[in-house]
Amino acid sequence: MTVSNGGARRRQPSLAQLRAFAAVAEHLHFRDAATAIGMSQPALSGAVAALEETLGVTLLERTTRKVLLSPAGERLAVRAKAVLEEVAALMEEAEAVRAPFTGVLRLGVIPTAAPYLLPTVLGLVHDRYPDLDLQVHEEQTTSLVEGLTTGRLDLLLLAVPLGVPGVVELPLFDEDFVLVTPLGHALGGREGIPREALGELDLLLLDEGHCLRDQALDICREAGRKDAPVTTTAAGLSTLVQLVAGGLGVTLLPRSAVKVETDRSSKLRTGYFAEPAPARRIGLAMRTGAARGAEYAELAGALREALRPLPVRVLGGSD
């Protein structure tokens, strides 16, 4: 392709050349880069050489042992990646206009929701949106938000509010926290437990990085507990519940997780807090101005209805 600029004709790089260069810039290895984008190594080398000729700069420093980016290559790799991301966004928008609820949807889910909500989500997508290629990524909140804002993920299912600029939240439901105790614990099986009781308990929580841990600590602070209540932690709720069954302490579970987790052991009891019980809100999150925003809003409405059988308080679209 050529463009006219004040009478001069100047060639422009092709998308294939930009993809080849971006792949080499990422992998710093011609064979690995060629494999990553499904191009033969000679074709990839030729595309990068053609790009260098078109731009009039040397992008790579080639040696017998490795490939390095030149100073110009370092700068232009960022630009090439941005151009390719914009082209991908254009194609995504065109696909969304052409056929809603088709193509790939990359959904990120927090670990403290995935095992308990995904059966409903997957069932809904299978029944109502059979042409949608749903790809699920289970990660902690910080990683999910990073993935959404950089375009690696399309939609998130997690605890809200996030308060992240450029992110729109679609609330789905609120759910109470339940106290899980070993057999014989004084609060096991009780109802109307005051939050203040948390001030005296040996509380077991998830590892740092889980939003559920932060929520539980906030609840403890609201209950007047000033010291650090955690002596033992776990990477997942299943392990956490087994620690409780072993008598190491008590923990807090969201209502949606209670049946799945407590059915694993006969050595557990549950207790319920007095109203208003401590709770969390779960919702979807998408980028502001997302090309498929109308689809995601429709999906949120369908999910609210599908989630009604769970022990949660489903919200309206504007809550």
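When reading the values below, keep in mind they use all heavy atoms of this one structure, side chains included, and skip hydrogens, waters and symmetry mates.
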Could you tell me the separation between the CZ atom of Arg106 and the CG atom of Asp133, rounded to the nearest 0.5 Å? 11.0 Å
Counting distance only, does the side-chain N/O of Thr251 pair as donor-acceptor with the main-chain N or O of Leu204 below 3.5 Å? yes
Closest heavy-atom pair, Leu237 versus Ala257, reported as atoms and distance to 0.1 Å, is CD1-CB, 4.2 Å
What's the spacing between Met39 CE and Ser45 OG if we round to 0.5 Å? 10.0 Å
Do side-chain atoms of Arg269 reach the backbone of Arg190 as a donor and acceptor pair under 3.5 angstrom? no
Got Glu53 and Arg11 here, is their nearest side-chain heavy-atom distance under 4.5 Å? yes
Nearest heavy-atom approach of Leu51 to Pro13 is CD1-CB, 3.3 Å
With distance as the sole test, does Glu191 use its side chain to make a donor-acceptor pair with the main-chain N or O of Tyr272 at under 3.5 Å? no
Test item: side-chain donor near acceptor, Thr58 and Glu52, under 3.5 Å: no
Any non-hydrogen side-chain atom of Val48 less than 4.5 Å from a side-chain atom of Leu60? yes
Out of curiosity, Ile37 CD1 to Asp32 CG, how far, rounded to the nearest 0.5 Å? 12.0 Å
Where Ala80 and Leu18 come nearest, the two heavy atoms and their spacing: CB-CD2, 4.1 Å
Evaluate the criterion side-chain contact (heavy atoms from CB on, under 4.5 Å) for residue pair Val78 and Glu74; output intermediate values, then yes/no. CA-CA 7 Å; Val78 177; Glu74 292 278 2; over 6 Å; no
All heavy atoms of Ser265 vs all of Gln242, minimum pair found to be CB-NE2, 4.3 Å
Phe101 and Asp131, any side-chain heavy atoms less than 4.5 Å apart: no
So, Arg287 side chain and Leu148 main chain: donor-acceptor pair closer than 3.5 Å or not? yes
Quick check: is Leu172 connected to Leu122 through a chain of hydrophobic side chains (ILVMFWY, heavy atoms under 4.5 Å apart)? yes
Is Arg281 reaching over with its side chain to a backbone N or O of Pro161, donor-acceptor style, under 3.5 angstrom? no
Against Asp176, only a single residue in Arg313, Arg280, Arg255 fulfils salt bridge (charged side-chain N to carboxylate O under 4.0 Å, His left out); can you say which? Arg313
When you look at NE2 of His29, are more than 12 heavy atoms from neighbouring residues, nucleotides or ligands closer to it than 6.0 Å? yes
Approximate separation, where rounding is to 0.5 Å, of Leu69 CG and Leu28 CG: 5.5 Å
side-chain hydrogen bond (donor to acceptor under 3.5 Å, both in side chains) partners of Tyr129, counting only residues at least two apart: none
Presence of salt bridge, Glu139 and Arg152, under 4.0 angstrom: yes
Give me the one residue out of Val160, Leu156, Thr149 that meets side-chain contact (heavy atoms from CB on, under 4.5 Å) with Val167. Thr149
In Å, rounded to the nearest 0.5 Å, how long is the span from CZ of Arg304 to CG of Leu284? 7.5 Å
Measure across Ala20 and Ala47 and return the closest heavy-atom pair with its distance rounded to 0.1 Å. CB-CB, 3.7 Å
Would you mind reporting whether Leu117 and Phe173 have side-chain heavy atoms less than 4.5 Å apart? yes
Could you walk me through whether Ser238 and Glu261 pass the side chain to side chain donor-acceptor pair (under 3.5 Å) test, one step at a time? CA-CA 6 Å; Ser238 296; Glu261 297 301 342; 3.0 Å; yes
Same cluster (ILVMFWY, side-chain, under 4.5 Å), Leu15 and Leu76: yes
Common cluster, Leu307/Val136, ILVMFWY with side-chain heavy-atom separation under 4.5 Å: yes
side-chain contact (heavy atoms from CB on, under 4.5 Å) assessment of Leu252 paired with Leu198: CA-CA 10 Å; Leu252 297 173; Leu198 291 169; 4.3 Å; yes
Less than 4.5 Å apart, any side-chain heavy atom of Thr54 and any of Gln17? yes
Atom CG of Leu243 and atom CG of Asp202: how far apart are they, to the nearest 0.5 Å? 12.5 Å
So, for Ala72 and Val57, which heavy atoms are closest and what is the spacing to 0.1 Å? CB-CB, 4.4 Å
Side chain Glu169, main chain Leu162, donor-acceptor under 3.5 Å: yes
Should Leu155 and Leu299 be marked as a side-chain contact (heavy atoms from CB on, under 4.5 Å) after you check the CA-CA gap, both sets of side-chain angles, and the distance that decides it? CA-CA 11 Å; Leu155 192 64; Leu299 177 62; 3.8 Å; yes
Do other residues, nucleotides or ligands put more than 12 heavy atoms under 6.0 Å from Arg308 CZ? yes
Under the side-chain contact (heavy atoms from CB on, under 4.5 Å) rule, what do Phe21 and Leu59 come out as? Steps first, then yes or no, please. CA-CA 8 Å; Phe21 171 54; Leu59 300 172; 3.7 Å; yes
